[in-house]
Structures are given as structure tokens and as C-alpha cells.
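One structure coming up, written as C-alpha cells, with questions to follow.
Residue numbers run from 1 in the order of the sequence given. In each ligand, atom 1 is the first atom listed, and ligand 1 is the first ligand listed.
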Amino acid sequence: MMSATNRFANCSISQCHRPSVRGGACQICDRPFCCVHDRKEFHTCPSLSEISEEEYQQLGYNEISELHQRLDVAELLKRASTLNAGQKCRYESRDSDTTGFIVGCANFHGRIIFDDQTEWLIRIPRKGFNEYPRQLIEHVIASEFATLKFLENTQVPAPKAYDFGLASDRDNRIGVDYILMERIAGRPWDYGDKDKQSVLESVADILIELSKYPFAQAGSLVIEQGDIYISKTASNRYVHLDAHGPYATDKECFLDICQQYLDLIADGQICPKWPQQAFAFYSIFATHVEEVSPSTNVQDFFLKHVDDKGDHILLDETGRVTGIIDWQFAQCVPAAEAFGPSYVTADPARLQSADAGLTEDDQRLANILRGKGSASLGMMMERDELMRRFRNGISDLDSKKEAQHILRGLLAVMGRPQPEDIVVWALEVCRQDHRWPSLLSLSG
Ligand SMILES: [Zn+2]
Ligand SMILES: [Zn+2]
């Protein structure tokens with residue numbers, strides 16, 4: 001029987017009617033597989049960890065070559081020139097310093113260099129996006145563009161955005177999905193201590209600036225005829241979620257995200273290797289939503305960079321922050337989350353462990369916020385790390401053991417007692433839900 005839960009894709013094994021695992025397509029052949037058929041015995045491609053460095057580089061090179069077969073460079077240069085007062089420009093696929101490609105996990109960037117030496121980037125989603133529904137991809141692109149346009153009217157140092165286009169649009173002659181944006185000079189922060197004070201000072205300034213722009217709903221930004229407004233959420237940084245919302249209250253927002261995750265886990269689309277731990281994780285959030293959404297006196301929502309892991313911050317040679325990049329998936333979220341501890345001050349290893357609690361850097365950022373006269377933001381920054389744990393989730397792990405640590409960490413942040421056996425405890429939580437039969441069939 002087909003389930004009612006929305007699917008990104010169906011399993012590519014013939015006669016299999018299960019949904020594909022979200023974000024689980026084979027990185028060699030691109031085929032999507034369900035939670036059963038992603039095992040070795042059904043599919044012979046090696047995993048990325050099994051191929052050599054040369055083979056890995058060849059894969060990336062092939063992808064970028066394929067992308068350039070679709071990209072119409074002449075049309076791109078024509079468009080860029082038109083948008084920049086007719087100034088002539090040229091295209092380079094590689095960076096000038098490193099001669100490597102400017103490429104992240106999710107996007108490739110080509111350079112557009114104008115005669116006056118100013119530089120723009122064309123940002124193009126990588127092939128990993130192909131497994132997502134077109135409508136969702138298009139919303140993510142349109143929303144990132146709107147976010148950058150919104151930021152242009154603030155003091156947040158983000159790249160200026162000049163244009164975006166969708167491959168499905170017949171008027172788009174460039175041939176790919178893209179955003180055209182300013183290239184901000186600078187090197188990504190390497191998380192080093194040397195520049196940390198300067199980085200945290202800038203992060204504090206940016207949080208204070210964003211706190212001046214409240215929104216009435218939670219969701220992601222879109223722009224229509226110059227008007228920027230809140231629309232559905234642009235998925236999340238794992239691209240697990242459908243575009244839902246916008247939401248009028250923080251409670252509504254958290255509950256809907258929890259229910260989406262619970263449905264997806266029970267359907268085998270997320271966390272197929274530790275479904276019960278993952279299900280218990282979101283069940284606990286859903287049943288304790290009052291603690292998750294503290295009734296602060298701030299009812300508004302604020303823009304948040306959802307992938308603020310440090311390398312989104314560019315610095316000049318002196319360590320001064322030149323810009324904040326990679327605003328893909330940005331959302332307007334409740335104040336407690338917008339100004340609470342995030343990735344930039346997290347200890348990544350600790351975040352994946354049972355060892356919950358604020359870090360020294362969380363505390364340091366809270367103090368800087370207070371020092372800059374923002375006592376209320378300082379207070380939110382040192383409240384607890386519940387929202388950071390919620391958004392970090394329980395999917396991006398190597399083993400079931402780690403999932404168990406994450407669950408224990410969650411209980412610790414919530415101040416709940418630690419069960420003797422976390423596996424049995426999770427099982428009991430799952431059993432109380434109407435989706436238990438589906439969950440049981442996954443682990444059976
Ligand atoms: Zn494959
Ligand atoms: Zn299958």
C-alpha cells in the first residue's frame with residue numbers, strides 16, 4: 001500500500017514501491033533507493049569512502065564538466081553585462097589563487113570578472129539537488145535570492161544579489177538554475193583562536209542588527225515585484241523537510257516540524273538505520289513543546305543563517321570580517337532560536353554526544369552581546385542549547401550508538417532523568433504512537 005507521506009522520489013529498484021531515503025541517492029550513479037535497497041547486496045556501486053582520491057576528484061570533475069555543458073556562458077556574460085551598466089566581462093570556472101573550483105557540498109560557483117576587476121559569482125546548485133522535487137529546489141533558490149535582497153537593506157555584510165533564474169523558465173537562456181551575486185573578498189574563518197574575538201564581535205553585531213527586523217510569521221523569505229515577504233520554509237539544511245508554513249506561532253512551527261519528521265521516519269525516508277531513536281527524539285520534542293517554545297515576551301520571528309558553521313564567515317588578512325555568505329535555507333525563526341546558541345559557538349564533537357550544555361564560546365558571545373548593550377540577546381544566548389540540538393537533529397551520524405548519545409544529550413538538556421537502557425526507553429516512546437506498526441515494519 002502506498003503511504004500518504006509525501007515523497008521526494010520512489011525507490012529505483014523495479015517492483016519496489018517504497019519511498020527513497022531523503023538525501024540518500026547513490027553519489028556514484030545518482031539512483032535513489034529505499035531504506036531496504038540501499039544495502040550492498042542490492043546495488044554494486046562503491047561508497048565514497050571506498051574510492052580513491054583520484055576517483056573522487058574525477059567524479060567532481062565530471063560533474064562540473066556536465067554542468068558546463070548546460071551552462072550557456074555567452075548568455076551568462078550578456079546577462080551580467082546588462083545588469084552591470086553594459087560593462088564587459090569574462091567567465092572563469094576556476095579560482096585565481098588556488099586554480100581549484102569554488103565549490104561547496106551544495107553549490108558550484110563560477111566567476112564573472114568585469115573590466116573594472118569587480119567580480120561576481122554565478123551560484124549553481126550541484127547535482128545532489130536532482131533528487132529533490134523541482135518545486136522545492138525552485139523555492140530554495142528564490143528564497144535565498146530574496147534573503148540576500150532583504151539583507152541589502154540592513155547592516156549585515158552579505159553579498160549583493162543581482163539576479164536569479166530557474167532552469168524550468170523558458171525565458172532563462174543561461175540554461176541552469178542560478179543566482180548571480182557579488183563576490184566578497186576574504187578567506188573563510190578556519191575556526192582558529194587567533195580571529196575568534198573579531199569573529200564573535202561581528203556575530204554579535206549581526207545578531208543585534210537582525211533583532212531590529214521582526215517578522216510576524218515563521219518561514220522563509222520570497223520576493224515578488226520588489227516586495228519581500230514570508231512564505232513557506234525553504235526546507236532545512238539537510239533538505240529533509242517539505243516546504244511548509246508560514247507559521248503564526250513558535251509552537252505551531254515546532255509541532256509541524258516534529259510531525260513532519262515523525263511521519264518521514266515512520267515511512268523510512270529519514271534515519272533508516274536508527275528509526276526508533278530518531279522517532280523518540282522528535283516525539284519528546286513534540287510532547288514537551290511548551291519547554292521548546294518558551295513563552296518569552298518576544299512573539300516575533302527573526303532571520304537566521306541556518307548553516308553558520310564558521311566557514312560562512314569571510315575574513316581579510318587582518319582578521320576583520322568582510323562578509324557572511326551561504327544564506328541558502330535561511331529562515332525566520334522564533335527569537336529564542338534566532339538569538340540562542342548556534343553552530344558558530346558550538347563544539348561539533350560535543351554536539352553529537354550525550355555531553356549537553358553551553359560551551360565557553362556560547363558564554364563568550366553572550367557576554368559580548370551584553371557588552372554591546374543588548375542584555376536581552378545576551379540572556380537568550382545563554383539560556384540553553386535545546387534549539388541547537390533540535391535543528392542539528394539525529395540524522396547526520398555514523399552509527400546507532402551515536403543516535404543513542406544524541407538522545408541522552410537531549411534528555412540532559414531538558415533536565416529529564418537518564419533511563420538505564422536508552423534503547424528500551426526509546427522503544428517505549430515509539431510504542432505509544434499510532435505510527436508504531438510502520439516503525440516496527442522498518443526494523444523488522
Ligand atoms: Zn550507484
Ligand atoms: Zn526499494
Open item on the list: Let me check your reading of the structure: within less than 2.8 Å of the Zn ion (ligand 2), is there an N/O/S atom from His17?
Closed with: no
Task: NE2 (His43) - the Zn ion (ligand 1) - SG (Cys45) angle, nearest 10° - done: 100°
- [ ] To the nearest 10 degrees, could you say what angle the Zn ion (ligand 2) makes with SG of Cys11 and SG of Cys34?
- [x] 110°
Task: Arg383 and Asp362 ion-paired at < 4.0 Å - done: no
Open item on the list: Is it the case that over 12 heavy atoms from other parts of the model lie below 6.0 angstrom from the CD atom of Gln135?
Closed with: no
- [ ] State whether His37 contributes an N/O/S atom found under 2.8 Å from the Zn ion (ligand 2).
- [x] yes
Task: Phe254 ring center within less than 6.0 Å of Phe285 ring center - done: no
TODO: Check whether the ring centres of Tyr91 and His68 lie less than 6.0 Å apart, and answer yes or no.
DONE: yes
